[in-house]
Amino acid sequence: MTRRRPPLALLLPALLTVAGVLLPLVYLLIRALGAEGTELREIVFRSRNLDLLANTLLLTVGTLVTTTLVALPLAYLAARTDLRPRRALMLAGVLPLAIPGYVGAYAMIAASGPGGTIEALTGLNWPSPSGFWGALGILTLFTFPYLFLNLHAALRAQDPALEDAARLLGRTPAQTFREVTLPYLRPAWLSGALLIALHVLGDFSVVSLMRYPTFSAAIYQQYTAAYDRVYSAWLALGLLLVTGAALLLEARLMRGLHLARVSPGGAREVRTTPLGRARPLAWAFVAALVGAALIVPLGTIGYWLRLEQNPFAWASLWDALKSALGAAAIAAVTTTALAFPLAYIGSRAQGRLARFTERAAYLGYATPPLAFALALVFFSLKVAPPLYQTFPLLILAYTLHFVAEAVGPIRTSLSTATPRLEEAARLLGQTSRGALARVTLPLIRPGLLVSAAFVFLSVLKELPLTLLLAPIGFETLARNVWAYTEEAQYAAAAPYALALALSGAVLTLLILRRERRPTPRPPRPPKEQA
Amino acid sequence: MTPILQLDHLSKRYAPGHPPVVNDLNLSVSAGELLTLLGPSGCGKTTTLRLIAGLEQPDSGDVLIGGRNVTSPFAPPERRGVGLVFQDYALFPHLSVLGNVLFGLSHLPRAERLPRARETLALVGLTVFESRRPHELSGGQQQRVALARALAPRPTLLLLDEPFSNLDAQLRHATRQEIRSILRAAGTTAILVTHDQEEALAFSDRIVLMRAGQAEQIGTPHDVYTQPRTAFVANFLGRSNLLSGTADRHMARTALGIIPLQESRSGPVLVSVRPEHLRFTDDPAAPEVTIQAHEFKGHDITYTVTLDGNRQELLVHGPSDDLRPEGSRARLSVTQPARPVQ
Ligand SMILES: Nc1ncnc2c1ncn2[C@@H]1O[C@H](COP(=O)(O)OP(=O)(O)O)[C@@H](O)[C@H]1O
Ligand SMILES: [Mg+2]
């Protein structure tokens, strides 16, 4: 099969994406290095930097451990045992994704401590979560679904013949799990773990509320309180370095892992293991998880909603809803429009070009949003001051950050619109543009819609880019939850948190219906069979 | 001598109310034998192997391996000493070729494992590939790794589930020969599952023809081919012309005239006549046919002809140096006694 070079019109967006992400980052670098020699030395060798680094790494590694401890058993229960209904387990594994970390943190803070929901309802004084353990707990509860979805899909897809083969070669079921199933899960774990690591590295909201200083928390603090530009630039660079290291490490560990089914063939359904007497234990685990990740947050929001309300908070709910929905809708359109050429090249081209576009799409997603926002602030102030804190710049930031999320569904749907169909259209008299418009686009419309929906709901939940880049007076649901929570006005934050949780639930149900991972990472191109 | 494997009234259905996939199957395999389960797709061959391996539990009946009943009490697959080569090989993708072969050797003393694995890899001619990963091998090579992995622990019984079906025609032929001689050299008892009749004829000491979960006929390839018991067997193993007629001891009156029978019968009878047992003749008393089509096979030609009398279609093998054009007329004679079938 011959693969033609994609037209420049399609290649240009990929180049622009890369430029859009890299230029501000380069500017960040220039800014960071632009300080005086002594000042520079003082900043770089601050002992606090080491503390931040240690905290950031500790929290990231800790979250990877705890999310695995939660996600793996739950995925196994849902995929491989006779615990029913399976749908309830899936919901338990996915719905926590509907609650943004800062809403979860808000709920946990509002639920605990003196005057919190738990004390008000039961009289028990539940200690407020804070510090490392608080951040770890909250990040675990609301990010483990990334791992759950990956592990669950892999456990369902594993060729049961592999486990049969191990049994016939003398292994007990437990040995088979350790020696065959766990190694098989490695790539799924790695890509889920990368998402969680990116999330933890990029999160400033949970760690700030828990008062656990990491790079992201420090950047935010610098931005709001001290506003030392050079130091923030250095912190952002530090965060970028850690993120880059995480990406490299994942790519490194992933290398050579080619664990797809070696040959196609009579795929059997995976077998389910009867749980027997372990069933109550399994239900207790699921119940504890659902209680902590869903019932406590929603219950808390409900509780505070019923209390006396700050009238100002309600008054701006409608405005916040309108501007949030508007921004999300516009960003959904621009992001999907940018994602289409990237997905198209990624699926139709081969080799270096496909890899380049794949990484271009991923670059914006992997860049920690606070660092990216900061870079854009510096960049716009220096290069195009009128753009600073304008709506178009905000939309541009959303687009570059979320384009990877939109690429996945489009690529999946492109696999049904094969090049053969376009060739058929060409032979029937269409130009290449006509074939694209009349054959490919209609075929991938469902994929485009899913992409747009993903981006829509992600933008709705987005906090750091919005905080740093939104025009003055631009209120969104996320921004108001954050603002009221920071001021400990839990009742005022409740309606916004509820609106966010509900829209998050829509995203989640969409994911469940599509039975695909919500990960923005585009599928890796299959290797050729030897 | 006790047989290596014995199936005793074995039955299995996957869901209550569904028809049995294996239905009252009886079979006995002796040491060193190469046995083939042959049958159309869906007739229960894979299920039979899985029952023997302990990957499924039978609803009733017993499996005896080396005289030991492994169904009651149920012995799990890891304690049966049975090897299985999966249809799609099921090689562990996270292990190298050597790692795959070593996987089944953990019961051996440490010092013996590596030599045994290398020795087995040498047997299948893959020593140089031992550090490759499965996906870096061709289909035929993967197939041989799967065989080496199953052979290395020296199982008392080796099961092969359509192991050649993913290979192209030429490779399939060569691999089949190779594996047959490897099994013979190792003295391994093996059961091969296939739906390819040529494979069954070439590979096995005995063939079990399966149909709807039951053994329709068991025998040596020669016996089953020359003496099919039923019309199904006659057509599944080779091609055959089925003629109805009336028998009177060793003769039967059919549309092809009065023809000799292998066995004595009387009354209405169905007989099988192989295409190679029909010949064009000049005898003016022989029945007349019209040639409809011919397929040139190289060493001979297969003609499709219709009988003038009842328009029945017949297959006839003719020599390749005497091509008869389509539409031409000819006369047929029967050269061997026909086989009465049910
Ligand atoms: N796990 C299963 N559950 C339900 N039905 C099955 C299962 N495995 C096989 N079958 C059915 O049993 C029949 C026999 O299957 P199988 O033993 O795989 O046949 P073969 O290997 O001869 O092609 C088929 O109709 C198949 O659909
Ligand atoms: Mg089969």
Side-chain angles (χ1 to χ4, degrees), chain A residues 80 82 151 154-155 157-191 253-274 276 524-530, chain B residues 14 41 46 49-50 52-56 76-96 99-108 129 132-143 145-146 149-150 152-153 155 157-159 161-163 165-167:
Chain A
R80 294 288 184 86
D82 60 351
L151 294 177
L155 281 169
Q158 189 186 13
D159 183 355
L162 292 180
E163 291 180 358
D164 289 348
R167 296 292 300 282
L168 283 167
L169 293 167
R171 296 300 194 278
T172 63
Q175 289 169 332
T176 302
F177 182 77
R178 215 172 43 241
E179 291 176 47
V180 174
T181 311
L182 280 185
Y184 165 83
L185 289 178
R186 248 175 79 187
W189 184 87
L190 275 174
S191 49
L253 292 174
M254 197 64 113
R255 196 180 311 153
L257 285 190
H258 182 76
L259 301 189
R261 291 187 182 197
V262 171
S263 44
R268 284 182 181 259
E269 281 268 303
V270 294
R271 247 190 311 283
T272 52
T273 314
R524 285 160 196 279
K527 285 211 186 118
E528 263 101 318
Q529 288 273 311
Chain B
Y14 278 108
S41 155
T46 297
L49 289 195
R50 294 174 66 83
I52 296 171
L55 298 171
E56 306 283 352
E78 65 267 27
R79 290 214 293 272
R80 292 198 175 190
V82 170
L84 174 57
V85 178
F86 290 79
Q87 181 170 0
D88 50 4
Y89 317 144
L91 296 177
F92 301 123
H94 62 293
L95 298 177
S96 65
N100 267 279
V101 178
L102 279 170
F103 194 93
L105 299 180
S106 48
H107 63 283
L108 291 183
F129 294 117
R132 290 224 193 151
R133 290 293 200 75
H135 68 94
E136 297 169 316
L137 300 178
S138 72
Q141 289 165 341
Q142 289 179 11
Q143 206 280 329
V145 177
R149 185 179 71 178
L157 175 65
L158 183 67
L159 311 174
D161 192 357
E162 308 210 19
S165 61
N166 288 330
L167 307 181

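Letters go in sequence order (proteins before strands), and every chain restarts at 1. Here the structure is a predicted model, which is why all the values come from computation and not from measurement.
- Contacts between B:F86 and chain A at a heavy-atom distance below 4.5 Å involve the side chain alone, from C-beta outward.
- For A:Q175, no part sits under 4.5 Å from any heavy atom of chain B, backbone or side chain.
- Side-chain atoms of A:Y184 come within 3.5 Å of backbone N or O of A:A154 as a donor-acceptor pair.
- Remark: B:S165 pairs with B:Q87, B:E162 by the side-chain contact (heavy atoms from CB on, under 4.5 Å) rule, at least two apart or across chains.
- Taking the ring pair (Phe, Tyr, Trp, His ring centres under 6.0 Å) definition, one finds that B:F129 meets it with nothing, sequence neighbours left out.
- Neither the backbone nor the side chain of A:T176 comes within less than 4.5 Å of any heavy atom in chain B.
- Looking at B:R79, neither its backbone nor its side chain comes within 4.5 Å of chain A, counting heavy atoms on both sides.
- Ion pairing of A:D164 with A:R271 is present here, as a side-chain N (NZ or NE/NH1/NH2) and a carboxylate O approach within less than 4.0 Å.
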